[in-house]
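Right, I'll just put the structure down here and ask away after.
Order of listing sets the numbers, starting from 1, for every ligand and every atom in it.
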Amino acid sequence: MTNDKLDNSAMPTNLHGKVAVITGAGSGLGFATASYFIQQGAHVALLDINAEQGQQAMQDLASEFAAFFAVDVTDETQIDSTLATIVKQFGQIDICINCAGIAPAKRILDKSGKAQPLSLFKHVIDINLIGSFNVAKSVAELMAKNPIDSQQQRGVIINTASIAGYEGQVGQTAYAASKAGLIGLCLAMARDLAAHGIRVNTIAPGIMATPMLLAMPQPVQDALAETVVQPQRLGNPLEFAQLAQHICVNAYLNGETIRLDGGLRMAPK
Ligand SMILES: NC(=O)c1ccc[n+]([C@@H]2O[C@H](COP(=O)([O-])OP(=O)(O)OC[C@H]3O[C@@H](n4cnc5c(N)ncnc54)[C@H](O)[C@@H]3O)[C@@H](O)[C@H]2O)c1
C-alpha cells in the first residue's frame, strides 16, 4: 500500500468517548491513568478492592465520567457481574487496563533457614497474574461484541508487568514470577484475540513514584533514583498513563511488552 492510500484522518489522537475499565484504580498508576484518560475524554470505570481508596479517588476526580466499583480481581463471579453493569451503564468497553497488584517481599528461606509458606507465593500469583487474566478474558468476551472501529479493531487490553519480570531481585520470587507470567501471556493473548479485533500489550514499569514507593524514607528514594540511567529519578505515574494512552491510539502496537524504566536494569538487590 502506498502512503497516499493510507487514511491518516481516521487515526484517533485522543480517547474521546471511549470507555475504559481500569483495575487497581484507587491508587498509584491506575488512579493516574484514570485521571489522565478522563482528561482525554474517556469514560472510566475504576475497579479496586479497597472501597475507601475508591471513594477518595472518586472525590479527587470529581467527574461525571467516572464510576467506582469495589471488586476483587480474583473473583470471577464478581468481575463478570461488574463488567455487565459497566456495559449497561456505559454501552460498551473499549479499553481495559489491569493495574491491580501487590508486591510483598520475602526471601525463600528466612534467616533461620525456614522456607516461606506456599500460600504467600500462591497469593501473589493469584492477584497479579490470575487476577489480570480473569479481568482480561471476561472483558474480551464483551469487547468481541463491539462494532469494528475505524482502525479495524474492537478493543485494547493492557496488562501491567514490571521489570522484575526480567530482573527479579532478592526477595521477589513470587512477584517476579507473577510479572514474568504476564510478559509470557502478552503475545499468546494477542494472538488468541486477534481474530476478534482485540489488541493486547503490556507495560513493564521500573520504579515509579506511587504511594508504595513514596512511603519510603527520602534517602532510600534518592538511592533508588540513582540506579536509573536517565533521567535519574523515579518514574512519574503520568508517564505510565501517557504510555497507556499511546498504546490505545496506536493501532499498530500489538503483542508487545514495553519497558518504562529510564534504562534501569535492576541489580540483584
Ligand atoms: N510502583 C512501581 O514502582 C511499580 C513498578 C513496576 C510495576 N508496578 C505494578 O503496577 C501496578 C500498580 O502499582 P502501584 O504502584 O500503582 O501500586 P498501588 O499499591 O498504589 O496500587 C495498586 C492497587 O491495586 C489494588 N488491589 C490490590 N489487590 C487487588 C485485588 N485483589 N482486586 C482489586 N484491586 C486490588 C490496591 O487496593 C491498590 O489500590 C501493580 O501491578 C504493580 O505491581 C508498579
Quick check: does any side chain N or O of N146 sit under 3.5 Å from a backbone N or O of I93, one acting as donor and the other as acceptor? yes
From I38 atom CD1 to F65 atom CZ, the distance as rounded to the nearest 0.5 Å: 9.0 Å
From L193 atom CG to K137 atom NZ, the distance as rounded to the nearest 0.5 Å: 12.5 Å
Would you mind listing which atoms of ligand 1 come within a distance below 4.0 Å of any non-hydrogen atom of G28? 16 (O), 20 (O)
Which ligand 1 atoms does D72 reach within 4.0 Å, using its non-hydrogen atoms? 30 (C), 31 (N), 32 (N)
Give a yes/no on ligand 1: does N98 have at least one heavy atom closer than 4.0 angstrom to it? no
Please indicate whether any nitrogen or oxygen in I102 is less than 3.5 Å from any nitrogen or oxygen in ligand 1. no
May I ask whether A32 has any heavy atom positioned less than 4.0 angstrom from an atom of ligand 1? no
With heavy atoms of I207 as the reference, note each atom of ligand 1 found under 4.0 Å away. 3 (O)
What protein heavy atom sits nearest atom 19 (O) of ligand 1, and how far away is it? S27 OG, 4.3 Å
Would one find an N or O of G30, backbone or side chain, under 3.5 Å from an N or O of ligand 1? no
With no hydrogens and no angle check, is any side-chain donor or acceptor of E256 less than 3.5 Å from a backbone partner on C186? no
Between N98 and L182, is the side-chain contact (heavy atoms from CB on, under 4.5 Å) condition met? List the steps. CA-CA 11 Å; N98 280 307; L182 286 170; over 6 Å; no
Between ligand 1 and G26, is the shortest N or O to N or O distance under 3.5 Å? no
Can you sort out which atoms of ligand 1 are near N50, meaning under 4.0 Å from one of its heavy atoms? 37 (O)
Heavy-atom contact under 4.0 Å between T23 and ligand 1? no
Could you identify the single nearest non-hydrogen protein atom to atom 41 (O) of ligand 1 and state the distance to 0.1 Å? K179 NZ, 2.9 Å
Look at atom 38 (C) of ligand 1 and say which protein heavy atom is nearest, naming residue and atom and giving the distance to 0.1 Å. D48 OD2, 3.5 Å
Report the part of L234 (side chain from C-beta onward, or backbone N, CA, C, O) that has a heavy atom under 4.0 Å from ligand 1; answer both or neither where that applies. neither
Greater than 12 external heavy atoms within 6.0 Å of E52's CD: no
Heavy-atom side-chain proximity of N134 to T74 below 4.5 angstrom: no
With heavy atoms of G206 as the reference, note each atom of ligand 1 found under 4.0 Å away. 3 (O), 4 (C), 5 (C), 6 (C)
Run the numbers for me: atoms of ligand 1, each under 4.0 Å from some heavy atom of G24, listed by number. 23 (C), 24 (O), 25 (C)
Note: D261-R265 ion pair, threshold 4.0 Å (strictly below): yes
Counting heavy atoms only, which of Q78, H123, M208 comes nearest to atom 3 (O) of ligand 1? M208
Side-chain (N201) to main-chain (I157) donor-acceptor, under 3.5 angstrom: no
Just checking, any donor-acceptor pair under 3.5 angstrom between side chains of N128 and S178? yes
Using heavy atoms and a threshold below 4.0 Å, how should the contact between T210 and ligand 1 be classified: side chain, backbone, both, or neither? side chain
Considering both backbone and side-chain atoms of C99, is one of its nitrogen or oxygen atoms within less than 3.5 Å of a nitrogen or oxygen in ligand 1? yes
Please could you name the atoms of ligand 1 that V71 approaches to less than 4.0 Å, counting only its heavy atoms? 32 (N), 33 (C)
Between A161 and ligand 1, which residue portion shows a heavy-atom distance shorter than 4.0 Å: side chain, backbone, both, or neither? backbone
Looking at L238, I want to see if its CG is surrounded by more than 12 non-hydrogen atoms of other residues, nucleotides or ligands under 6.0 Å. yes
Side chain or backbone of Y175 under 4.0 Å from ligand 1, or both, or neither, by non-hydrogen atoms? side chain
Mark up the atoms of ligand 1 that fall under 4.0 Å of a heavy atom belonging to T160, in ascending order. 9 (C), 10 (O), 11 (C)
Is the side chain of R107 donor-acceptor paired with the backbone N or O of V170 at a distance under 3.5 Å, no angle test? no
